[in-house]
Amino acid sequence: MAEEIQKRLKAEVEKYGQMQKDVNKSMSARQKLETQLTENNIVKEELDLLDSSNTVYKLIGPVLVKQDLDEAKATVGKRLEYINGEIQRYETLLKDLEKKSEQHRELLSSLQQEFQKAQGLAVGKA
């Protein structure tokens, strides 16, 4: 009986480890998005300081191409919307993962207790 519980405990610990990797991966992606959000907000602020007499260039590969100011503002605005949406998606995903992780921790705790009881019974029989 103790061996069965030990096998199950080992499998659940592996699942929990994978879950923690997923949490870390999602947190890393979210931090990357936060950085992009900050950068794009700075670009938006700089574009807001310009008027139609200023020239805006866009880097495409190794070439700077002239771009319309309104088009540049629209592009940055859409990029900000997209990044904010992705951040919200990752926040929801992280909440779900944290909830599942907590449930898994409780399961591991109960399995450990079962295993310890089973070991105690096995020692008592010997």
Side-chain angles (χ1 to χ4, degrees):
M1 177 158 163
E3 289 178 15
E4 292 174 21
I5 296 172
Q6 187 177 12
K7 286 179 184 176
R8 185 168 173 219
L9 185 62
K10 185 178 179 184
E12 293 298 330
V13 166
E14 287 176 12
K15 283 183 190 176
Y16 182 73
Q18 183 61 44
M19 198 176 294
Q20 290 305 308
K21 285 180 185 177
D22 291 345
V23 167
N24 289 337
K25 195 167 132 182
S26 294
M27 285 181 130
S28 175
R30 188 182 178 285
Q31 286 174 338
K32 201 175 188 181
L33 286 168
E34 288 287 345
T35 303
Q36 290 177 356
L37 181 67
T38 302
E39 290 171 356
N40 279 281
N41 276 324
I42 292 169
V43 170
K44 183 181 183 307
E45 288 171 13
E46 290 297 319
L47 288 175
D48 288 342
L49 297 174
L50 302 177
D51 60 27
S52 59
S53 66
N54 298 106
T55 306
V56 177
Y57 292 93
K58 179 178 184 177
L59 186 65
I60 301 177
V63 180
L64 282 175
V65 178
K66 197 171 187 177
Q67 188 178 28
D68 180 51
L69 178 61
D70 292 331
E71 184 182 330
K73 285 181 178 180
T75 301
V76 172
K78 286 179 183 169
R79 197 175 307 138
L80 285 169
E81 283 178 34
Y82 173 76
I83 292 170
N84 280 318
E86 286 296 295
I87 288 172
Q88 291 297 320
R89 189 174 70 82
Y90 273 103
E91 283 179 358
T92 304
L93 178 66
L94 282 168
K95 284 178 185 174
D96 288 347
L97 285 172
E98 288 294 329
K99 191 184 294 183
K100 287 178 184 176
S101 182
E102 182 61 36
Q103 291 170 346
H104 216 85
R105 256 193 305 274
E106 290 170 7
L107 174 66
L108 285 173
S109 177
S110 67
L111 279 173
Q112 273 184 319
Q113 289 173 356
E114 279 183 50
F115 180 65
Q116 288 170 352
K117 285 178 187 175
Q119 275 188 322
L121 292 175
V123 170
K125 289 180 183 177

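Just so you know, these numbers come straight off a predicted model, no measurement behind them. When a residue number appears, it is its place in the shown sequence, counting from 1.
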Closest approach of Ile5 to Ala118 (non-hydrogen atoms, all atoms of both residues)
CD1-CB, 4.0 Å
Given Asn84 and Gln88, is the side chain to side chain contact (heavy atoms under 4.5 Å, CB included) satisfied, shown in steps?
CA-CA 6 Å; Asn84 280 318; Gln88 291 297 320; 5.7 Å; no
Looking at OH of Tyr90 and CD of Gln31, how far apart are the two atoms once the value is rounded to the nearest 0.5 Å?
12.0 Å
Step by step, would you call Glu34 with Arg30 a salt bridge (charged side-chain N to carboxylate O under 4.0 Å, His left out)?
CA-CA 6 Å; Glu34 288 287 345; Arg30 188 182 178 285; 3.3 Å; yes
Can you tell me how far apart CG (Leu33) and OG1 (Thr38) are? Round to the nearest 0.5 Å.
10.5 Å
Could I get the full list of side chain to side chain contact (heavy atoms under 4.5 Å, CB included) partners for Lys100, not counting sequence neighbours?
Met19
Over all heavy atoms of both residues, which pair between Gln67 and Thr75 is shortest? Give the atoms and the distance, please.
NE2-OG1, 4.1 Å
Backbone N/O of Asp51 and side chain of Asn54: donor-acceptor pair under 3.5 Å
yes
Can you sort out the partners of Thr55 under side chain to side chain contact (heavy atoms under 4.5 Å, CB included), two or more places apart, ordered by chain and number?
Tyr57, Lys66
How close do Met27 and Leu94 get, counting heavy atoms only, and between which atoms?
CG-CD2, 3.7 Å
If you round to the nearest 0.5 Å, how far is NZ of Lys32 from CG of Leu37?
15.0 Å
Do Lys7 and Glu3 meet the salt-bridge criterion of a basic N to acidic O distance under 4.0 Å?
no
Side-chain (Ser26) to main-chain (Asp22) donor-acceptor, under 3.5 angstrom:
yes
Hey, what do you get for CD (Glu46) to CG (Asn41), rounding to the nearest 0.5 Å?
12.0 Å
N/O donor to acceptor pairs below 3.5 angstrom from side-chain atoms of residues 104-111, sequence neighbours left out:
residue	atom	partner	partner atom	Å
His104	NE2	Glu12	O	3.1
His104	NE2	Glu12	OE1	3.0
Arg105	NE	Glu102	OE1	3.4
Arg105	NH1	Tyr16	OH	2.7
Arg105	NH2	Glu102	OE1	2.6
Ser110	OG	Leu107	O	2.8

Got a second to check how far Ile42's CD1 is from Lys44's NZ, nearest 0.5 Å?
13.0 Å
Short N-O contact, Arg89 and Glu86, less than 4.0 angstrom:
yes
Which distance, rounded to the nearest 0.5 Å, do you find between the CD1 of Ile83 and the CG of Asn40?
4.0 Å
